[in-house]
Each structure stands twice: as C-alpha cells, then as structure tokens.
Amino acid sequence: MTLMKLRLNYRDMDLAVRFSTSRATVSNIINTYVSVLHEIFYEGVLKELGIPSQLKCKGSMPKSFDEFASARIAMDATEVIQDVPSDMNSQSLSYSNYKSRHTVKALTCVAPNGALVFTSELYPGSTSDAAIVDHCGVLKQLQPGDLVLADKGFNIFDKLPAGVSLNIPPFLSNKAHFTKEEAKLCYKIGKARIHVERANERIKNYSILDHIPAQYRPISTKIFQLCCCLVNLQAPLLKEIADKYEF
C-alpha cells in the first residue's frame, strides 16, 4: 500500500477501496510505514554509510570520469511542487523564481558510479543552491584531495573545506563565446555530471513527488529521502556498471 502511494500517488480513498479498509487506516499505515522504511533505508543505510571514500569510488569509476579521477560526488538540486502555504511568510519562502511555482528543494549527490549517496532535507523553494550546500552538511563528509562536480549554480568555492576542489562549467562573463578549451571543459563536466540529473529523473518517477498531498506534508522530507533510497534499489544508471556486476 505504501509503495503504491509513493510510486503511483493513488488517493487514500482509492487505496481504501482496493484494500477493503477505511481511509483513516490507509493514512495511518502510510504514515507508519514511511517512517519505518525511512528509518531502515535512509537512517540505517544511506546516512549511516555516508559518501564512499575516494578509494572506493575509484573501484567503480566509469569512463565518463576519466578526466576527473579524483571526483567523489556530483551534486545537483531538484525541486518538488507543493500547494501554496496558508502562511504568508511561508508563501514568500517557498516561491521558486526558477519554477514560477511554490516548491520545496533538496540537494542530491551521486558517486561516479551513479549511486545516490547523499540527499538533504527539503528546503523552501526560494533557498539558493549554495545556501543548501552550506547548511545540509554534505561538505563535512569530504576530505582533502576530493573533487566535486556541479553546475554553474553551485558557486561555492568560498565554502569548500581545505584541499577540496570544485569543478563547474566556466562562465561567459563579457565574452561572446567560450574558447575551445572552455567548450571542451563544459562538455566533459556535463558528460560526467549528467548521472546526477538522471538520478533525479528516477526520483521524480515516484508520482507522490508530483504533488505531495497536504496531509502528508509533515513527513515530506521523509517521503523524498525514502524515494531516493528506493532509487538505489533499482538497476544501476550506468550500463557499464550494470554489465560489470551482471544486473
């Protein structure tokens, strides 16, 4: 029942009819099992294990990361649409100029092999990517010599721990075009970090994230983080990783 709610976002009354029970029981079951599964998969696995070391990452490094041998994570932000909050202050905080909607936003990170290794809690949609990175604690897991791949929105050079590097596409500034070297760098970074975007697409396949029902908004962070964990139970994003381990 809970997995059907996450994946298909059936209405509670629909599930009540399918499972021959009451709507209140459906709500109780989903609230309970989201919390239980979150405790097992997120708290017990994803958060407990943390981001794999650079040595572990190198053991399953795909070809697209040949130019970034010291890469440990690729990061991106993803947004989830929500209803307009009733509180005026919350309305202001949750409005995303990028989406032109009221949203909540989270940071997701994948290892070079495409596995989701970090996800933050949900933040109001107006929160900047850099502010989320600074607040969520992901940088505390990095070590000197690590490399982070991200897009232009993550201009976080001033927030990086000592010895940690950041690779983002170059900015055009006042130039009309990128130089040949800058264009090549953009392509290489994009080829490597596309895996985090593909992981975010898989997360969004859980239809409950199309529109989290109002009654489940208090556990919205648990729902999002659980969906991230369930993505890791699917076949690997990269074919070469799947072939290597015969998925």
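A quick note: this is a predicted structure, and the numbers were derived from the prediction, not measured.
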Are side-chain N/O atoms of Glu79 and Thr103 paired as donor and acceptor at under 3.5 Å? yes
Search all heavy atoms of Ala106 against all heavy atoms of Leu122 and return the closest pair with its distance. CB-CD2, 3.7 Å
Answer whether the closest heavy-atom distance between the side chains of Arg72 and Leu147 falls below 4.5 Å. no
Can a donor-acceptor pair be found between the side chains of Asp12 and Tyr216 at a distance below 3.5 Å? yes
If only side-chain N and O atoms count, and only distance matters, is there a donor-acceptor pair under 3.5 Å linking Thr108 with Asp76? no
Smallest heavy-atom separation, Leu15 atom then Met4 atom, equals CD2-CE, 4.1 Å
How many angstroms lie between CZ in Arg202 and CG in Leu230, if you round to the nearest 0.5 Å? 12.5 Å
Interatomic distance, CZ@Arg18 vs CG@Asp14, rounded to 0.5 Å, equals 4.5 Å
Quick one: are Tyr123 and His135 in side-chain contact, heavy atoms under 4.5 Å? yes
Taking only Lys NZ, Arg NE, NH1 and NH2, and the carboxylate oxygens of Asp or Glu, determine whether Lys105 and Asp129 approach each other closer than 4.0 Å. yes
To the nearest 0.5 angstrom, please state how far the CD1 atom of Ile212 sits from the CZ atom of Phe224. 9.0 Å
Is there a donor in the side chain of Asn113 and an acceptor in the side chain of Ser60, or the other way round, less than 3.5 Å apart? yes
